[in-house]
Structures are given as C-alpha cells and as structure tokens.
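Below is one structure, written out as structure tokens, with a few remarks after it.
Each chain gets a letter, A, B and so on, in the order the sequences are listed, and its residues count up from 1. As the structure is a prediction and not an experimental result, all values here were calculated from the model.
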Amino acid sequence: MAKVTVKSLYKIYGPRPQKALPLVKQGISKEELLKKTGNGIGINDANFDVEEGEIFVVMGLSGSGKSTLIRCLNRLIEPTAGEIYIDDQNIVGCSDEVLLQVRRKKIAMVFQHFALFPHRTVAENVAYGLEVQKVPPTERIKKAYEALEMVGLSGYEESFPSELSGGMQQRVGLARALATEADILLMDEAFSALDPLIRTEMQDELIALQERMKKTIIFITHDLDEALKIGDRIAIMKEGVVVQIGTPEEILDHPADDYVRAFIKDVNRAKVLTASAVMKKPDGIVTLKDGIRVAMRKMEEVGISSIFVVDKARILQGIVTIDDAIDALKRGETSLQAIINKEIETTDGDTPLLDLMPTAIKTKYPIAVINESNRLLGIIVRVSVLAGILGEEAESND
Amino acid sequence: MIRLPLGEYFEAFIDLLKDNFDPFFKGMKKGVLAIIDHIEDFLHFIPWWLLIILVAVLAWRLSGKKLGILSAVGLYIIYSIDLWSEMIDTLSLVFSATFLALVIGIPLGIWMAKNDMTERIVKPILDFMQTMPAFVYLIPSVIFFGLGKMPGAIATIIFAMPPVVRLTNLGIRQVPEDVVEAATSFGSTSGQMLLKVQIPLAMPTILAGVNQTIMLSLSMVVISAMIGARGLGEVVLSGVTQMQIGDGFEGGIAVVILAIVLDRITQAVGTRTNAKKTS
Ligand SMILES: Nc1ncnc2c1ncn2[C@@H]1O[C@H](COP(=O)(O)OP(=O)(O)OP(=O)(O)O)[C@@H](O)[C@H]1O
Ligand SMILES: [Mg+2]
C-alpha cells in the first residue's frame with residue numbers, strides 16, 4: 001500500500017488562484033496565465049504514489065516546482081486543489097488539529113540550508129519535535145542523544161550549531177528529523193549546500209541509514225548523479241508538471257521526452273547502470289539431473305557454446321561447454337557432474353557496469369548474476385555490457 | 001482662503017472623549033499611579049549606598065569592571081550633589097513609563113509581525129507618534145489627568161513606545177523563513193513558535209528597542225516637569241526659569257549620568273543575549 005498518494009495536485013500562486021484553476025486545467029501556458037490573470041503555476045496536475053520504504057527522488061530544473069511540491073506534502077504551502085493521502089488520510093482540507101498531528105508524528109523535514117535553531121544547543125535542536133509534543137525533558141533529550149549517535153555526532157550534543165561545519169550541521173538537521181520517529185522524511189535539496197566530498201559521504205550515509213530504518217523518503221535534488229545514486233524511483237518535473245516517473249534505469253533507457261533526454265545526456269551510464277539492468281534471461285539452463293545429452297541438445301537448439309547448470313532450486317552450480325560435453329560423451333559419460341566447470345564469474349544485481357567491465361573483457365563465459373543465496377537471476381554477455389554503457393543510441397541503431 | 005478648523009475638531013474630539021470616558025480615565029489614572037507609587041516607594045526605601053552597590057554589581061556582572069566602577073562613581077556624584085531623591089523620582093517615572101510602554105508595545109509589535117494588516121495600520125500611527133513634538137502630548141494628558149506625574153507618565157509612554165513596537169515587529173519578521181518553516185514542519189502551534197523560536201531569536205532586536213524606549217523616557221523628564229512631574233527635570237527647569245545656572249547645570253549632569261548608566265547597562269543585556277547564541 002502506498003504511504004503517500006498525490007492525486008491531481010495543483011498549486012497556483014498569486015491572487016485568487018481558484019479563479020485561475022479552470023484555465024490551468026484547460027492547459028493554458030505559464031506565460032499566458034501570467035499575462036492574463038497574474039497567477040503563476042507552481043504545480044500542475046501532479047499524480048504519484050510513494051511506496052513505504054522507498055526513496056522517491058524529485059528532480060527538475062530551478063523553478064520547476066520541486067520545493068512547492070514537497071512543501072505541499074506537509075502543507076507548508078497550501079495546495080490550490082487536489083488530494084494528498086498520508087497513510088490513507090487526506091491532509092488537504094483536514095482540520096488544524098489533524099494537520100498538527102501529522103506534522104508531529106508522521107512527517108519530518110530536512111532543509112537545504114539546515115534551518116537549525118541558532119539559540120538552541122545541538123541536542124535541544126534535535127529534541128525540538130518532541131518538545132512541541134510535550135515529551136518530558138529527560139526522555140526527549142535521551143532520544144535526541146540516540147538520534148545524534150545514529151548520524152555520528154556523539155560528543156557534540158551540547159555545542160551550538162554555529163560551532164559546527166556545514167556537513168555536521170546537516171547531520172543535526174537529519175537527526176532532528178529522525179528523532180520524532182516519523183515514517184516519512186522530506187528532504188529538500190538536503191545535500192546541495194555541502195562540498196562535493198561531504199555530499200558524497202552524506203549520500204552514502206543516508207543510504208546506509210535507510211537500510212536500517214526503512215523510512216519513506218522524498219528527496220529533492222538538482223543533481224542527476226545524486227538522484228540516480230539514492231533514488232529507488234525518480235520523478236522528473238518541468239514547469240510544475242511531473243513529466244516522467246520511473247526507476248533510474250527506466251529513465252535512462254526510455255526518457256519520456258527531450259527535456260528528460262537533455263537531463264540525462266551527460267550521465268555516466270557505466271556508473272549508474274547496474275548488472276540487473278543489462279542482464280538477460282539465460283537462453284537455456286540445465287539442471288544437474290538432466291545429464292549431458294539434454295545439455296547438448298539445449299545448446300544446439302539455441303546455438304550457444306556453453307550453458308549454466310543449476311539445481312532444482314535454481315541455485316547456480318557451474319557451467320558446461322559444448323566441447324567438454326562432446327569429449328565426455330565419447331568417453332561414455334552421461335552425468336554432468338563430471339564435466340561441470342565451477343570457475344565462473346558471478347556478480348550481484350547491484351554492481352555498476354563500470355565495475356563489471358574488467359571481468360567482462362577477460363572472461364570466456366557470460367557473467368552469472370546471482371542473489372545472496374546463489375540463485376541464478378540472469379546472465380550478462382560481454383556485448384550487453386557495452387551496449388548498456390552506450391545506451392539508447394546503440395540500441396536504436398541495431 | 002478658508003481656514004480648516006483642524007484644531008477645533010481636535011478639541012471637540014478630546015471633549016467628547018473626556019465627557020464619555022471619564023470613569024475610564026479615572027480608573028486608568030489610579031492604576032498607573034499605583035504602579036509609579038510602588039516603584040517610587042520601593043526605590044526610596046533602598047538606602048542610597050545599597051542601591052549604588054546593587055547597580056554597580058549588576059553592571060559588573062553584565063559587562064565588566066569598567067562599567068561597574070563607572071556606574072558606582074556616577075551614582076555617587078549624584079548623591080554628593082544632593083540630587084539623590086530627585087534622581088529616584090525621575091528613575092521611578094522612567095521605569096514606570098518604560099514598564100507600561102513595554103507591556104503595551106511588545107504585544108503590539110508581535111501582533112504587527114504576525115499580521116500584515118495590523119502592520120499597515122500601526123506603522124503610520126507610530127510615525128505620527130514619533131514625529132509629533134512631545135510637548136503636544138502634554139495638553140490632552142493634562143486635560144484627562146490633571147497636573148502631576150500622571151500626565152507626565154502618559155506623555156512619556158506615548159513618546160517612548162514606538163521604538164520597542166517597531167523593533168519587536170522587525171525582530172520577529174527577521175527570523176529566517178526556513179527556521180520558521182522548520183518549526184512549523186515539526187508541528188509547532190503558533191504560541192510555541194512565538195515562545196520557543198521567534199521571540200528568543202528576536203530578543204537582541206527587542207532589547208535594542210527596550211534600550212531606546214528607556215532613553216526616550218529619560219529624554220522626557222524635563223518636558224514632564226513642565227506639567228508638574230517632580231525629579232531631576234524639575235531641577236533643570238527651575239534652573240532655567242529662575243536663571244540659576246549652577247542648579248540647572250547640576251540637574252543636567254545628573255540626567256546625563258543616569259542616561260549613560262541606563263544605556264550601558266541595557267546595552268550590556270543586549271550583547272549578552274547576542275553572545276549566547278553565537279558562542
Ligand atoms: N511564494 C511564491 N509566490 C509566487 N510564486 C512562487 C512562490 N514560490 C515559488 N513560486 C514560483 O513557483 C515556481 C516553482 O518554484 P519552486 O520553488 O517550487 O521551484 P524549485 O523547483 O524548488 O526551484 P529551485 O530548484 O530553484 O529550488 C517558480 O516559478 C517560482 O517562481
Ligand atoms: Mg527549491
């Protein structure tokens with residue numbers, strides 16, 4: 001079930017937005033609307049679901065409405081029309097009391113420029129969300145210390161924010177959001193104000209934290225590399241419209257329009273695309289009990305010179321080549337066990353293509369993609385590594 | 001040319017107020033006088049040497065040895081030129097007027113900061129209050145409250161209130177927007193926002209307003225003396241009107257000393273609150 005659902009969401013800035021709404025629904029352009037009524041379009045008919053435990057990234061050029069969108073989700077900005085369901089509760093048009101509870105218990109936010117309270121210590125900053133809920137001081141400070149430990153800031157609890165570096169300040173921002181134990185985190189360009197190195201570090205840490213905490217995160221960024229790195233799914237916005245939503249691979253492989261294509265053109269595909277994106281279903285596989293004859297017939301059928309062997313739970317056992325099979329048959333062997341070659345290259349699905357390249361170049365056989373229990377998920381042949389890196393053009397040319 | 005009878009309208013308006021709201025003004029007078037009298041009684045009750053020590057210690061703690069010594073020496077000079085009792089009268093008037101100006105001014109400033117409409121209405125009134133020569137407030141004050149310290153206090157409050165209102169408004173509006181957003185996003189009520197975030201962050205600015213309000217109150221002492229308020233103002237005024245240069249000079253020096261001590265001490269409070277959050 002979706003954690004957050006956004007339906008037909010509109011935000012129109014300027015005077016009397018309700019009057020401008022029908023025009024926007026009719027598809028008036030941004031410039032025309034501004035000329036006609038003086039209104040600006042912040043969000044234009046956004047629809048999407050965010051699943052529990054997912055990192056949902058929103059990308060787009062400056063002014064495309066990312067901040068507006070994320071601020072509608074906790075109603076820091078009042079939507080003009082539409083519905084936003086948080087755990088099945090529509091927070092558009094709900095009572096102030098409900099909204100307050102949603103903000104206190106369900107959603108926490110991390111800000112681009114940290115937005116810490118300069119007059120409070122780090123621990124008091126982190127405890128703020130609990131303080132407004134009237135959690136007793138000892139308890140909330142204890143939770144604040146725990147949250148600070150999670151983000152690696154133990155020892156700085158009694159410092160003031162101004163004494164910390166930018167990266168550390170944003171850790172405080174993150175701890176402040178974690179301390180309320182809200183399920184949903186909103187992060188508006190949370191790492192954009194940091195140096196590249198610190199930024200990478202924070203991204204890694206967010207990913208690591210997410211492994212443990214399984215929050216639902218809505219993350220805004222300008223930066224495609226960041227989006228591809230941390231996003232389970234990415235939404236791309238243009239002038240208030242969500243033009244495409246998909247996994248990083250989907251976006252890279254099938255950009256919806258030229259705007260998206262322009263976005264992704266500089267991306268280093270080798271870094272982004274993973275093994276699972278380019279692997280294919282093996283043309284044929286054999287199980288141990290099938291024997292040499294079956295293996296040979298299957299190889300002949302599809303015209304391959306080697307075939308992967310699995311057991312009946314699809315656990316990878318090794319590979320058998322056509323030459324070995326012919327030799328074995330001549331010797332009168334029938335069982336695959338004798339000729340199975342266990343010296344094969346394997347990888348998990350998340351390995352970037354960049355890391356697979358050296359292996360792909362030197363190996364004689366396809367690379368097997370397996371999961372943590374050695375189940376065979378798919379295979380990668382050398383040519384698909386290259387095709388993956390070259391991307392669309394390569395595909396459309398062949 | 002037709003003469004616009006502005007003055008007559010104003011007079012009629014004041015008469016109307018006086019005729020219809022007399023009980024209100026009487027009650028107000030009673031309340032304000034009670035405050036002034038209490039402060040006066042209290043300050044007169046403290047022996048002069050104890051007050052000097054208290055002020056000096058306060059100044060020392062807030063700022064340092066230098067201000068501590070300066071305050072002690074300054075106040076001792078006032079004592080030694082035999083103006084202690086007048087100084088206490090003046091101080092009481094300044095404190096009462098400041099107290100009332102803050103009680104009205106700070107909430108008004110907060111309201112202005114939270115409500116654009118209020119700001120739009122109050123701002124021109126504040127401009128008017130500040131540019132109008134202070135003497136002008138004396139006339140209606142006397143009409144409503146008779147002679148003595150009451151009209152002096154009222155005129156002083158009106159004259160001294162604008163800075164604290166303005167600076168409270170400014171201080172709260174200057175709190176960075178994303179900090180306010182952060183507080184909102186964690187589910188602050190507007191009261192929590194005000195008490196936990198906006199006022200603490202606006203505090204240095206509000207204190208600058210308090211400082212200005214105190215200084216403006218003090219600047220009113222001579223003017224209020226004209227309508228019978230006692231204290232250092234009276235000394236200066238009689239020095240001027242009776243051509244007693246020496247007495248007038250001594251009164252003036254006492255006002256200056258009081259001004260410096262009050263100014264430095266309130267400023268020190270301001271810088272301390274500032275220092276705490278950036279340390
Ligand atoms: N308070 C406002 N009043 C009027 N127009 C606004 C307001 N806030 C944003 N807008 C407009 O709405 C559009 C979307 O702004 P928004 O801040 O959501 O963009 P963004 O994608 O977050 O941009 P950035 O990457 O620069 O942060 C812009 O055209 C902006 O000018
Ligand atoms: Mg933005």
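The contact between A/Lys134 and chain B is made entirely by side chain atoms (from C-beta outward), counting heavy-atom distances below 4.5 Å. Looking at A/Arg176, both its backbone and its side chain come within 4.5 Å of chain B, counting heavy atoms on both sides. Interface remark: A/Leu76 contributes side-chain atoms only to the contact with chain B (heavy atom separation under 4.5 Å). Of the two parts of A/Leu99, neither the backbone nor the side chain holds a non-hydrogen atom closer than 4.5 Å to a non-hydrogen atom of chain B.
Within residues 33-41 of chain B, no residue has any heavy atom less than 4.5 Å from a heavy atom of chain A.
Summarising the local packing, NZ of B/Lys114 is surrounded by more than 12 heavy atoms from other residues, nucleotides or ligands at distances under 6.0 Å. Enclosure of atom CD in A/Glu146 by more than 12 non-hydrogen atoms of other residues, nucleotides or ligands within 6.0 angstrom is indicated. No more than 12 heavy atoms of other residues, nucleotides or ligands lie within 6.0 Å of NZ in B/Lys66, so this atom counts as exposed by the packing criterion. The environment of A/Phe48 atom CZ is dense: over 12 non-hydrogen atoms of other residues, nucleotides or ligands sit within 6.0 angstrom. Atom OH of A/Tyr13 is surrounded by more than 12 heavy atoms from other residues, nucleotides or ligands within 6.0 Å. Few gaps surround CD on A/Glu158; more than 12 heavy atoms of other groups in view lie less than 6.0 Å from it.
When each of A/Gln112, A/Arg71, A/Gln133 is scored by its heavy-atom pairs under 4.5 Å with chain B, the top score falls to A/Arg71.
In this structure, the side chains of B/Ser185 and A/Phe111 come closer than 4.5 Å at one or more pairs of heavy atoms. For the pair A/Glu131/B/Phe186, no side-chain contact is recorded, criterion being any heavy-atom separation below 4.5 Å from C-beta on.
Considering all non-hydrogen atoms of both residues, A/Ala115 and B/Ala182 come closest at O-CB, 3.7 Å. Here the closest heavy-atom approach between residue A/Leu116 and residue B/Val179 is recorded as O-CG2, 3.6 Å.
For the atom pair B/Leu201 CG and A/His119 NE2, the distance stands at 4.5 Å (nearest 0.5 Å). Taken from CG in A/Leu100 to CD in B/Gln192, the straight-line distance is 7.5 Å, to the nearest 0.5 Å.
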